[in-house]
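By convention in this document, chain letters (A, B, ...) are assigned in the order of the sequence lines, proteins followed by strands, and residues within each chain are numbered from 1.
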Protein chains: 2
Amino acid sequence: MQSRSPASRTGRPRSATADAAILAATREALVELGWSKLTLGDVATRAGVAKTTLYRRWAGKNELVVDAVAELFDELELFDRGSLAADIEGVVLQFASILALPEARSGLMAVVAEATRDEALRERIRASVVDRQKRLVLEGRARAQARGELPAEPDPASSARTVDLIFDMVAGAVVHRTLVSAEPADEEWVHRFTGVLLRGLAGEAAHPADG
Amino acid sequence: MQSRSPASRTGRPRSATADAAILAATREALVELGWSKLTLGDVATRAGVAKTTLYRRWAGKNELVVDAVAELFDELELFDRGSLAADIEGVVLQFASILALPEARSGLMAVVAEATRDEALRERIRASVVDRQKRLVLEGRARAQARGELPAEPDPASSARTVDLIFDMVAGAVVHRTLVSAEPADEEWVHRFTGVLLRGLAGEAAHPADG
DNA sequence: GGTATTACGCTACGACGCGTAGCGAAAGCC
DNA sequence: GGCTTTCGCTACGCGTCGTAGCGTAATACC
């Protein structure tokens with residue numbers, strides 16, 4: 001959400017239910033119409049609010065859709081399944097199930113595309129969507145290091161680069177599989193992916209079927 | 001390009017220079033304006049053609065931008081650098097340099113987003129952009145198997161799934177690094193990425209600096 | 001060279017979404 | 001009750017869309 005400055009203490013407060021209704025209506029419109037045919041007037045009508053109310057809270061289509069899609073990622077959680085491989089498979093399957101939703105598929109890529117020319121929008125996406133995933137990578141790695149599955153990296157700069165790399169590899173692969181190849185990231189695919197990620201291409205050939 | 005059916009044999013032929021001018025103008029407009037602010041009228045003016053000419057050849061903005069961006073991927077080539085790791089690094093750096101172009105950054109993701117609701121557009125992207133990259137994965141793997149760096153996969157179905165997986169991992173990681181994380185996929189990053197891809201997360205820790 | 005056929009440039013048009021301004025009414029704090 | 005902010009509503013100018021219509025240019029066929 002937009003940073004609510006503490007300046008507005010007096011006067012009529014903004015309706016919290018309107019916020020929720022607008023975001024829900026945005027997701028509904030994304031499902032039915034997709035990004036390009038989604039209009040703010042239509043969203044306002046669906047939400048039962050005036051178009052001007054919508055413009056008072058969001059600068060435009062981009063920011064609105066980012067917030068609407070970001071809520072879908074709230075449920076992401078890294079359950080402890082006992083091993084690094086199982087942890088990765090679990091969270092990747094969660095991520096894939098979110099990307100399988102039509103409102104996420106059509107909305108997320110569009111705002112990322114817009115963000116290539118809009119630094120503020122890129123920061124908004126990072127804060128509300130990306131960082132929530134990156135946190136999972138940090139957690140998973142810490143757990144794996146505690147289990148002895150991964151070595152500790154003493155150099156913090158090198159460590160940060162490794163986290164970024166893993167994050168790009170995991171998120172990128174799932175996104176590409178789901179949105180570009182347009183194939184489901186199902187359990188079998190996730191299992192193969194995790195195998196390559198952990199053991200590499202050559203090593204994976206030695207364990208073709210099991211985990 | 002759209003499949004030119006051999007039905008039109010008589011009459012004035014379509015100007016080939018107009019095609020090139022329109023696609024170049026589209027890329028130019030993508031750089032200056034980005035996807036959302038790009039208008040077909042503006043592209044027609046830049047190309048020195050009438051707006052109606054543009055509509056006679058392309059169904060809309062999506063198809064036009066796909067063709068304009070697809071030309072950027074023509075130069076992709078897999079040079080034989082002697083080892084699988086070097087081959088991967090070389091082609092990934094080429095791919096990254098294309099994605100670093102502003103006309104590719106702003107255009108490619110947008111059409112992919114649109115393609116989530118348009119099967120024909122998805123097929124157009126696959127034919128003119130994606131398949132050109134997937135061919136490189138096939139070449140690279142065949143070379144690596146000939147060198148003995150990768151084992152032969154006798155089962156064709158399993159083999160095809162592996163190629164798809166590798167393709168999603170390579171292309172996805174580079175795209176995510178470039179367009180979502182908005183960081184350059186430079187030589188250092190590509191080197192780290194290739195290490196993880198070939199040796200896995202655990203194995204990579206044993207070779208932190210070299211190749 | 002004449003004719004048919006197709007592409008081209010140009011103009012004009014209705015339709016639609018954008019984003020804003022202005023108004024009166026409603027809902028909170030002091 | 002007075003102050004402040006939000007809300008719903010209407011209306012507006014603006015720009016783009018995609019198409020229709022027309023006269024002209026370029027090629028193939030006879």
### Message
Expressed as a whole number of angstroms, how long is the span from B:Tyr55:OH to D:dG21:C1'?
### Response
17 Å
### Task
Would you kindly give the CG-to-P distance between B:Leu54 and C:dC10, to the nearest whole Å?
14 Å
### Query
Under 4.0 Å between a side-chain N or O of B:Thr10 and OP1 or OP2 of C:dA4?
no
### Message
Let's see if you can work this out: which of D:dT27, D:dG18, C:dG9 has an atom nearest to the side-chain heavy atoms of B:Pro13?
### Response
D:dT27
### Query
Mapping A:Gly41 and B:Ala18 onto DNA chain C by nearest heavy atom, which one lands closer to the 5' end?
B:Ala18
### Task
Classify the side chain of B:Arg12 and the base of C:dT6 as holding, or not holding, a donor-acceptor pair under 3.5 Å.
no
### Message
Side chains of B:Arg46 and B:Thr26 only: does a donor on one sit below 3.5 Å from an acceptor on the other?
### Response
no
### Query
Checking only heavy atoms, does the side chain of A:Arg56 share a donor-acceptor pair with the base of C:dG19 at less than 3.5 Å?
no
### Query
Hey, does B:Arg141 have a side-chain heavy atom less than 4.5 Å from the side chain of B:Ser159?
yes
### Task
Find which nucleotide of DNA chain D each of A:Gly48 and B:Asp42 is nearest to by heavy atoms, and output the residue with the more 5' nucleotide.
A:Gly48
### Query
Closer to the 5' end of DNA chain D via nearest nucleotide, is it B:Gly11 or B:Lys61?
B:Lys61
### Message
Nearest whole Å is fine: how far is D:dT19 P from B:Leu40 CG?
### Response
11 Å
### Query
Ignoring hydrogens and angles, does a donor from either the side chain of A:Lys51 or the base of C:dG19 sit under 3.5 Å from an acceptor on the other?
yes
### Message
Under a 4.0 Å threshold between the charged nitrogen and the carboxylate oxygen, would A:Asp74 count as salt-bridged to A:Arg132?
### Response
yes
### Task
Ignoring hydrogens and angles, answer whether the base of C:dA7 and the side-chain atoms of B:Arg14 contain a donor-acceptor pair closer than 3.5 Å.
no
### Query
A:Arg46 has an atom CZ; how far is it from atom C1' of D:dG8, in whole Å?
20 Å
### Message
Between the base of D:dC17 and the side chain of B:Thr39, is there a donor and acceptor pair under 3.5 angstrom?
### Response
no
## Note on the structure
Atom CH2 of A:Trp58 and atom P of C:dG19 are separated, to the nearest Å, by 15 Å
### Task
Flag the pair B:Leu138 / B:Phe167 as yes when at least one side-chain heavy-atom distance between them is below 4.5 Å, and no otherwise.
no
### Message
To the closest 0.5 Å, what do you measure between CD (B:Glu153) and CD (B:Gln145)?
### Response
7.0 Å
### Task
Could you check whether A:Ser15 gets within reach of a base, just the sugar-phosphate, or nothing at all, counting any heavy atom under 4.0 Å?
sugar-phosphate
